[in-house]
2 protein chains.
Amino acid sequence: MPSDQTRSAILAAAERLYADRGFGDVTLRDIVAEANVNLAAVNYHFGSKDELIAELFVTRSIQTNRERLNELKAAEEKGGGRASIEDIMRALVGPTLRGCLGPDREGSTAARFMIRASIESVPPIRRIKNREVDHLRKFAAAMRRAMPGRDDTELYWGLNFALAMAHHTIREKERLIRLSEGKCDLDDVAGIIDRVVAVSVMALTTGDAASKSPPARPAVVHGRLTRQDL
Amino acid sequence: MPSDQTRSAILAAAERLYADRGFGDVTLRDIVAEANVNLAAVNYHFGSKDELIAELFVTRSIQTNRERLNELKAAEEKGGGRASIEDIMRALVGPTLRGCLGPDREGSTAARFMIRASIESVPPIRRIKNREVDHLRKFAAAMRRAMPGRDDTELYWGLNFALAMAHHTIREKERLIRLSEGKCDLDDVAGIIDRVVAVSVMALTTGDAASKSPPARPAVVHGRLTRQDL
DNA sequence: GATAGTTTCATACATATGTTTGAAATGCAA
DNA sequence: TTGCATTTCAAACATATGTATGAAACTATC
């Protein structure tokens, strides 16, 4: 009967500390102090530090992915098996943005932890993220159904840009606030989702020319690359 | 006469190793071995490991920033003091994308190093990146001149999304190739720049309603924003 | 060629940090 | 209780890694 008490305490303490101070600045000794457990408990319950981090990350990732797929499924049912491209993009970026920028700041170490995981890039998390491709393929498939005949390449670029806007906004949240001097309201999650979705849909549905060849590329040689060494 | 030879050798070796194996996996001892210099040379010439990394990063950053401003200036001169929004965005994302995705020219180590710096997030680099806000303000100012009357908030979001697409594409280059099974050509830098610029401009110039209030956010929770006209 | 400043070198230092260990404590079943 | 399995604990372990040191080698100016 694994009382599980120590285990949970470690997970909670670790997530909190990592969320607050980042992976680079938190040692196992910090974690066990915060959790009031013995140092050896981490290796006993998780095997290694990396496996602890991995467990934290997969737990939260699974949550997000499940929400994504739920929204996608709901959208497809609503549309009789074929979701609109807009709803698909919303299902793709909505859960992540809500999860990381959500207003429940106070208690939600989970959100802050996921932001950290997005900013810092530590080996165990990188390994897990690499498996995410399979998950994204489901969205690519849905997009293909929503936009039959559209070139696959365009579809992947749209997917890429949608994730780009969502993740970058999360990653660079503080910088955007500073740059815009508070004009960009990072707490208005619904508004942000609308923005990202709108631009993504535009990128995907714009000019059919784009599906044949890349958008109007000027023959001009770009800029001046005065490349002088320092 | 500071022969500078050792110093340069360290810089070159460090950039190569960091580019290949990342910051987390490369020690000073690896670097001095690669450079065929003594271990103490790093601290003698740079003061500390972090200052070495910082110097590597600022060198490349300065290059990129100078290219950006050069392009911006050229665009403004071309337009008689007022550059088009498209040219501004091109000046913003072009140099970075060319620098990081460019074809492997003379030792692509610089490019690969900058990709690493974008993926991993190590303290000395983070510190430098934080100063980048001032640089971005110059682009915000140019955009304001190009789109007078437009709400500042929209402008910052557009800037944010443009950087998002550029940086995310760089960061997740490998994943995008894998996801698209090679359909997305990450070597076609000019094409990528065109894509990013096109979407950015769309995001910025779309529906004037967006300049007054956030992009047509329906009262309905998951309402659809049909915004197809570019 | 002597002297002063600069650079290189081998080596030592310090110590942070994940991991292991073996014993003690605890819990559970018979 | 007894005995076995699980868990906790203090301490040790290992060692990777950035940094400091002091002497030697080198360079240049006089």
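All chains are named by letter (A, B, ...) in the order of the sequence lines, taking the proteins before the strands, and each is independently numbered beginning at 1.
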S.K.: In this structure, which one of A:Asp187, A:Ile193, A:Ile192 forms a side chain to side chain contact (heavy atoms under 4.5 Å, CB included) with A:Val189?
M.R.: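 With A:Val189 as partner, side chain to side chain contact (heavy atoms under 4.5 Å, CB included) holds for just one option, A:Ile193.
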S.K.: Please determine whether side-chain hydrogen bond (donor to acceptor under 3.5 Å, both in side chains) holds for the pair A:Thr169 and B:Asn160, giving the CA-CA distance in whole Å, both sets of side-chain angles, and the decisive distance to 0.1 Å.
M.R.: CA-CA 7 Å; A:Thr169 300; B:Asn160 177 63; 3.1 Å; yes
S.K.: Below 30° counts as parallel, above 60° as perpendicular, anything between as tilted: where do the rings of A:Phe23 and A:Phe113 land?
M.R.: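 The arrangement is perpendicular - the two ring planes meet at more than 60°.
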S.K.: Taking atom P of D:dT8 as reference, at what distance in whole Å does atom CG of A:Asn36 sit?
M.R.: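 So the two atoms are 13 Å apart, to the nearest Å.
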S.K.: Report all interatomic pairs (protein N or O, nucleotide N or O of nucleotides 17-20 of chain D) with separations under 3.5 Å.
M.R.:
{"unit_1": "D:dG18", "atom_1": "OP1", "unit_2": "B:Lys49", "atom_2": "NZ", "d": "2.8"}
{"unit_1": "D:dG18", "atom_1": "OP2", "unit_2": "B:Leu28", "atom_2": "N", "d": "3.0"}
{"unit_1": "D:dG18", "atom_1": "N7", "unit_2": "B:Arg29", "atom_2": "NH1", "d": "2.9"}
{"unit_1": "D:dG18", "atom_1": "O6", "unit_2": "B:Arg29", "atom_2": "NH2", "d": "3.0"}
{"unit_1": "D:dT19", "atom_1": "OP2", "unit_2": "B:Asn43", "atom_2": "OD1", "d": "3.4"}
{"unit_1": "D:dT19", "atom_1": "OP2", "unit_2": "B:Lys49", "atom_2": "N", "d": "2.9"}

S.K.: Measure CG/A:Asp4 against C1'/C:dT26 and give the value in whole Å, please.
M.R.: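 So the CG-C1' distance, A:Asp4 to C:dT26, works out to 16 Å.
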S.K.: Tell me whether A:Arg127 is salt-bridged to A:Asp50, with the criterion being a basic N under 4.0 Å from an acidic carboxylate O.
M.R.: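 Counted as a salt bridge, because a side-chain N and a carboxylate O are separated by less than 4.0 Å.
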S.K.: Round to the nearest Å and state the distance from A:Tyr44 atom OH to C:dT26 atom P.
M.R.: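 Distance, rounded to whole Å: 15 Å.
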S.K.: In this structure, how many angstroms lie between the P atom of C:dT19 and the NE2 atom of A:His45, rounded?
M.R.: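 Nearest whole value for this atom pair: 15 Å.
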S.K.: To the nearest 10 degrees, how far apart in direction are the end axes of the helix from C:dG1-D:dC30 to C:dA30-D:dT1, each fit to five base pairs?
M.R.: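 Rounded value for the end-axis angle: 0°.
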S.K.: Specify the separation, in whole Å, of atom CZ of A:Phe23 and atom C1' of C:dA16.
M.R.: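 Distance, rounded to whole Å: 20 Å.
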S.K.: Determine whether the side chains of B:Arg68 and B:Thr96 contain a donor N or O and an acceptor N or O closer than 3.5 Å.
M.R.: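 Yes, because at least one side-chain N or O of B:Arg68 sits under 3.5 Å from a partner of the opposite role on B:Thr96.
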S.K.: Do the charged groups of A:Arg7 and A:Glu55 touch, with an N to O distance under 4.0 Å?
M.R.: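 Yes, this pair counts.
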S.K.: Do NZ/NE/NH1/NH2 and the carboxylate oxygens of B:Arg175 and A:Glu132 come within less than 4.0 Å?
M.R.: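 Yes, this pair counts.
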S.K.: Return the minimal non-hydrogen interatomic distance between B:Ala35 and B:Ala13, and the atom names on each side.
M.R.: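 Of all heavy-atom pairs spanning B:Ala35 and B:Ala13, the closest is CB-CB, 3.7 Å.
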